[in-house]
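What follows is a single structure, written as C-alpha cells, with notes after it.
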Amino acid sequence: MARALPERYLTPTDLADLLGVPLETVYQWRRKRTGPRGFRVGVHLRYDPEDVRAWVGSLMDQESAA
C-alpha cells in the first residue's frame, strides 16, 4: 500500500476510504467472508490495520501467481 495505515483500528468507512471502494462493498466482503478480518466492539465493527495489510498482501500474491 502506498498510503500509511493509521495507528488505530479502522471503521468500515475508514476501510472503504482507504481502499477507494463503496462502503457497501466492505459490508458485502464481511457477509461473504472474502474481505479482511473484522471484529466487533459492542455494536461497532472494526478492522486491525495489520490484518488489512495482510489481506491486501494476500490479494497481491494471488494476482502475481495467476
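Note that this is a predicted model, so its numbers are computed, not measured. Index from 1, following the sequence.
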- request: Output, in order, the C-alpha distance, side-chain angles, deciding distance and verdict of side-chain contact (heavy atoms from CB on, under 4.5 Å) for Leu18 and Tyr47.
  value: CA-CA 12 Å; Leu18 180 69; Tyr47 295 90; over 6 Å; no
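- Remark: Val43 engages no residue in a side chain to side chain contact (heavy atoms under 4.5 Å, CB included) (not counting sequence neighbours).
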Can you give me every donor-acceptor pair (side chain of residues 56-66, partner residue at least two apart or in another chain, under 3.5 Å) with its distance?
| from | atom 1 | to | atom 2 | distance (Å) |
| --- | --- | --- | --- | --- |
| Ser58 | OG | Trp55 | O | 2.7 |
| Ser64 | OG | Met60 | O | 3.4 |
| Ser64 | OG | Asp61 | O | 2.9 |

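- By the side chain to side chain contact (heavy atoms under 4.5 Å, CB included) test, Arg46 is found to be paired with Tyr9, Thr11, Pro12, Phe39, Val41, His44, residues two or more places apart in sequence or in another chain being considered.
- Evaluation of the side chain to side chain donor-acceptor pair (under 3.5 Å) test over residues 30-39, restricted to residues two or more places apart or in two chains, returns Glu24-Arg31, Arg37-Asp51.
- Shown here are the salt bridge (charged side-chain N to carboxylate O under 4.0 Å, His left out) partners of Arg8, two or more places apart in sequence or in another chain: Asp14.
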